Participant: 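Dropping the structure in here first, questions after.
Because the structure is a prediction, the values reported are computed rather than measured.
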Amino acid sequence: MMIDKLLRCFIVKILMISFLCAGFCNGIEKKSSIDKEKLKKRVELFLKKDNVTRRRNVEDVFVLAEIYEKEGNDKDAMFLYQEGLRVNSWRLDYQLKLAQLMYKYGDKKQAVEKVKIVCQYTEDEELLIKAEEFLSNMGIQPVKSINKTKGKLIENPEMIIVPIGKVNKRLLLEVKDKLQEKMGISYSIMEKEINPGKFDRSYLDKYTIDTKRKLLVSFLRLIPEQNERFKELENQGQFNASRLISELKEKYIIEEGSKLEGYLGITREDIFSGNSNFLFGWAEKNYGVMSYHRFLAEFNREPPNRTRLCNRMVKQGISSSFFILGIPRCTNPTCIRAYPHNLTEHDQKSNELCSWCKEQLKLYTGD
Ligand SMILES: [Zn+2]
């Protein structure tokens, strides 16, 4: 009886860990190892299915479309991009590819419409640049163009944004402009990002917190497919926000009497501190760090929306900026600075400061 119970418990744990890994490692199948004939058969089947089943298997269609495009078979590529986008129209990378083919074959109106949508919604800097280049080659100005000289290091800013690792710099410019507008103080962005080094905690570390789990993982690693998944988890992880703040402090010293109030590091990667599972931001007087990892559509499996991403970042940026200025958190639940337990609470906060926070900011800026 006891052995039965132990065995059941063991199997449940294996299934749970496999499930967790599967969630993290979606798309692990390497494009290079794709068998085109098998893929074609799967796509043929796809085309006979209902929309729900199609949506689940849509990746195959896009991959085959890309293969056709590379082979110069534009007609079949366009057909498959269209079929894929019918059930997942938010794949903006493929919207751009289809638009480029449409333009090539004379459908300028639809192509432009598609590319404008990509420009407006994408959260990916490279895709945005490609889409804008495409529009500009057609002699069309993007929907919302950002002044690229804006945001760079100006003389005597009150707050300096420091990119940590590879970040979306165009997005940072949008965030910086909004922060400046809402806070009424001057921000600028450091031209060069700092290198944060290796992750302080991998996602695998998070799941092997005790000896039992470690043993279980070592056992599962004997299975090649599971081992691949664990390798992926080892390569993804989080930075320790306290360490990043210490590095900012060491690198950038604020001189006595300077107008500069502090440094706000921004990273795309996930952050934590102490025993916390994750953090949106972490700050103290003069120095702070925030992460937009958990604000991304990709992380939350939402359709991309750069305006939403920017708003989420501005809310966090304001919270962090207040701490950098040395103003403690207020107690108003609807204030933009209220402590959010999760993303839903973060999204639910208003976009405005409460009267107490406004007063504190006025005292600081002297307005
Ligand atoms: Zn407040």
Side-chain angles (χ1 to χ4, degrees), residues 151 157-164 167-168 171-189 238-246 248-249 254 260-274 276-296 299-300 306-365:
E158 286 157 287
M159 198 85 76
I160 297 179
I161 293 172
V162 185
I164 300 177
V167 291
N168 182 336
L171 180 66
L172 246 54
L173 285 175
E174 289 181 54
V175 170
K176 180 241 147 206
D177 282 352
K178 282 202 175 171
L179 279 177
Q180 202 157 255
E181 187 191 311
K182 292 244 176 203
M183 294 289 293
I185 60 174
S186 57
Y187 285 74
S188 75
I189 303 174
Q238 298 172 305
F239 290 125
N240 185 337
S242 311
R243 172 179 69 85
L244 295 178
I245 287 182
S246 303
L248 288 179
K249 272 185 189 170
I254 299 169
L260 181 66
E261 280 294 336
Y263 291 85
L264 172 61
I266 300 186
T267 172
R268 186 190 190 282
E269 303 300 337
D270 209 8
I271 56 171
F272 76 102
S273 183
S276 69
N277 198 21
F278 70 88
L279 295 168
F280 293 148
W282 191 244
E284 54 185 67
K285 179 95 171 85
N286 302 132
Y287 298 91
V289 170
M290 60 174 266
S291 155
Y292 63 94
H293 184 79
R294 286 170 191 260
F295 299 156
L296 290 162
F299 179 84
N300 296 299
R306 201 171 63 254
T307 305
R308 180 189 58 208
L309 173 60
C310 185
N311 286 340
R312 286 172 174 170
M313 289 176 74
V314 171
K315 279 183 182 175
Q316 184 53 50
I318 289 175
S319 284
S320 300
S321 298
F322 266 79
F323 286 121
I324 292 171
L325 296 178
I327 305 170
R329 200 191 289 279
C330 66
T331 55
N332 192 324
T334 58
C335 176
I336 196 169
R337 295 184 61 211
Y339 171 75
H341 184 63
N342 51 38
L343 187 60
T344 311
E345 285 184 17
H346 188 72
D347 284 342
Q348 264 174 3
K349 291 196 291 182
S350 83
N351 287 313
E352 300 301 327
L353 289 164
C354 70
S355 56
W356 184 83
C357 290
K358 275 186 191 154
E359 281 300 316
Q360 299 302 307
L361 193 59
K362 263 188 197 167
L363 287 176
Y364 167 77
T365 55

Participant: Checking the side chain of K315 only, and the main-chain atoms of H346 only, is there a donor and an acceptor separated by less than 3.5 Å?
Facilitator: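 Present.
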Participant: To the nearest 0.5 Å, what is the distance between CH2 on W356 and SG on C330?
Facilitator: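 Rounded to the nearest 0.5 Å, the CH2-SG separation comes out at 6.5 Å.
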Participant: Quick one: CD1 on I161 to CD1 on I189, what's the gap to the nearest 0.5 Å?
Facilitator: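 Output value for this atom pair is 5.0 Å.
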Participant: Using ring-ring contact (aromatic ring centres under 6.0 Å, His included) as the criterion, list what pairs up with F322, not counting sequence neighbours.
Facilitator: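 With neighbours one apart ignored, the set is empty.
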Participant: With sequence neighbours left out, what residues match Y292 under ring-ring contact (aromatic ring centres under 6.0 Å, His included)?
Facilitator: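 Partners of Y292 by the ring-ring contact (aromatic ring centres under 6.0 Å, His included) criterion come out as none, since no residue qualifies.
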Participant: Under the ring-ring contact (aromatic ring centres under 6.0 Å, His included) rule, collect the residues that match up with Y339, sequence neighbours excluded.
Facilitator: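 Y339 satisfies ring-ring contact (aromatic ring centres under 6.0 Å, His included) with no other residue.
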Participant: Compare every heavy atom of I254 with every heavy atom of G262, then report the nearest pair and how far apart it is.
Facilitator: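 So the minimum-distance heavy-atom pair works out to CA-CD1, 3.7 Å.
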Participant: Among residues at least two apart in sequence or on other chains, which ones pass side chain to side chain contact (heavy atoms under 4.5 Å, CB included) with E284?
Facilitator: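 For E284 the side chain to side chain contact (heavy atoms under 4.5 Å, CB included) partners, ignoring immediate neighbours, are I245, K249.
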Participant: H293: which residues meet the ring-ring contact (aromatic ring centres under 6.0 Å, His included) condition with it, sequence neighbours left out?
Facilitator: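 So H293 forms a ring-ring contact (aromatic ring centres under 6.0 Å, His included) with F299.
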Participant: Is it possible for you to check whether R268 lies under 6.0 Å from the centre of the six-membered ring of F295, through NZ or CZ, and within 45° of that ring's axis?
Facilitator: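 Here R268 fails the 6.0 Å and 45° test against F295.
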Participant: Which pair of heavy atoms, one from V167 and one from I266, lies closest together, and at what distance?
Facilitator: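 That closest heavy-atom pairing would be CG1-O, 3.4 Å.
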Participant: State whether E261 and K285 are salt-bridged, where the test is any N-O pair (Lys NZ or Arg NE/NH1/NH2 against Asp/Glu carboxylate O) under 4.0 Å.
Facilitator: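 So E261 pairs with K285 through a salt bridge.
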Participant: List the residues meeting side chain to side chain donor-acceptor pair (under 3.5 Å) with T334, not counting sequence neighbours, and say none if there are none.
Facilitator: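 Result, side chain to side chain donor-acceptor pair (under 3.5 Å) vs T334: N332.
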Participant: Return yes if some donor-acceptor pair links the side-chain N/O of K349 with the main-chain N/O of C335 below 3.5 Å, else return no.
Facilitator: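 Not confirmed, K349 side chain does not pair with C335 backbone.
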Participant: Between atom CG of L361 and atom CD1 of I327, what is the distance when rounded to the nearest 0.5 Å?
Facilitator: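 Interatomic distance, L361 CG to I327 CD1, rounded to 0.5 Å: 5.5 Å.
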Participant: For the backbone of N342 and the side chain of R294, can you confirm whether one donor and one acceptor N or O come within less than 3.5 Å of each other?
Facilitator: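 Checking the backbone N and O of N342 against the side chain of R294, no donor-acceptor pair under 3.5 Å is found.
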Participant: Start with the C-alpha distance between E359 and S355, add both sets of side-chain angles, then the distance that settles side-chain hydrogen bond (donor to acceptor under 3.5 Å, both in side chains), and finish with yes or no.
Facilitator: CA-CA 6 Å; E359 281 300 316; S355 56; over 6 Å; no
Participant: Between the side chain of S291 and the main-chain N/O of E269, is any donor-acceptor distance below 3.5 Å?
Facilitator: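 It does hold such a pair.
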Participant: Residues two or more places apart in sequence or in another chain: which of them pass side chain to side chain contact (heavy atoms under 4.5 Å, CB included) with F272?
Facilitator: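 F272 satisfies side chain to side chain contact (heavy atoms under 4.5 Å, CB included) with D200, R201, Q238, N240, S276 only.
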Participant: Looking at E352 and K182, is there a salt bridge between them, counting it only when a charged N and a carboxylate O are closer than 4.0 Å?
Facilitator: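 E352 and K182: salt-bridged.
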Participant: For E158, which residues count as a side chain to side chain contact (heavy atoms under 4.5 Å, CB included) partner, sequence neighbours excluded?
Facilitator: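 Partners of E158 under the side chain to side chain contact (heavy atoms under 4.5 Å, CB included) test: I185, S186, K259, Y364.
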Participant: Nearest 0.5 Å please: distance from the CG atom of L343 over to the CG atom of N300.
Facilitator: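 L343 atom CG to N300 atom CG measures 5.0 Å (nearest 0.5 Å).
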Participant: Supply the atom-to-atom distance I324 CD1 to I160 CD1, rounded to the nearest 0.5 angstrom.
Facilitator: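 Reported to 0.5 Å precision, the distance equals 11.0 Å.
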Participant: Mind telling me whether Y287 and Y263 have parallel, tilted or perpendicular rings, with 30° and 60° as the class edges?
Facilitator: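 Y263 and Y287: parallel rings.
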Participant: Determine the minimum heavy-atom distance between L248 and G288, stating which atoms define it.
Facilitator: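 What the structure gives for the nearest pair is CD1-O, 3.6 Å.
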Participant: Hey, what do you get for CZ (F239) to OG1 (T267), rounding to the nearest 0.5 Å?
Facilitator: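 Separation between the atoms: 5.5 Å.
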Participant: R312: which residues meet the side chain to side chain donor-acceptor pair (under 3.5 Å) condition with it, sequence neighbours left out?
Facilitator: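 Here the qualifying residues are E302, D347.
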Participant: Go through the structure and list residues passing side chain to side chain donor-acceptor pair (under 3.5 Å) with S321, not counting sequence neighbours.
Facilitator: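 Testing S321 for side chain to side chain donor-acceptor pair (under 3.5 Å), a comparison that skips the adjacent residues, returns Y187.
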Participant: Does the side chain of L264 come within less than 4.5 Å of V162's, by heavy atoms?
Facilitator: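 No. Closest side-chain heavy atoms not under 4.5 Å.
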Participant: Would you call E174 and V314 a side-chain contact if the rule is heavy atoms closer than 4.5 Å?
Facilitator: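 Answer no - side chains too far apart.
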Participant: Which heavy atom of C310 sits nearest to which heavy atom of K178, and what is that distance?
Facilitator: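 Where C310 meets K178 most closely, the heavy atoms are SG-CD, 4.2 Å.
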Participant: Taking only residues two or more places apart in sequence, or in another chain, which ones meet N277 in a side chain to side chain donor-acceptor pair (under 3.5 Å)?
Facilitator: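 Once residues adjacent in sequence are excluded, the partners of N277 under the side chain to side chain donor-acceptor pair (under 3.5 Å) criterion are K206.
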Participant: Can you name the side chain to side chain contact (heavy atoms under 4.5 Å, CB included) partners of S246, sequence neighbours left out?
Facilitator: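 Expected list: none.
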Participant: Any side-chain heavy atom of R329 within less than 4.5 Å of one from F323?
Facilitator: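 Yes, their side chains come closer than 4.5 Å.
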Participant: So which atom in L179 and which in G317 form the shortest heavy-atom distance, rounded to 0.1 Å?
Facilitator: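 Minimum heavy-atom separation between L179 and G317: CD2-C, 3.7 Å.
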Participant: Does H341 offer a backbone N or O that forms a donor-acceptor pair with the side chain of E345 under 3.5 Å?
Facilitator: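 Flag set: sc E345 to bb H341 pair under 3.5 Å.
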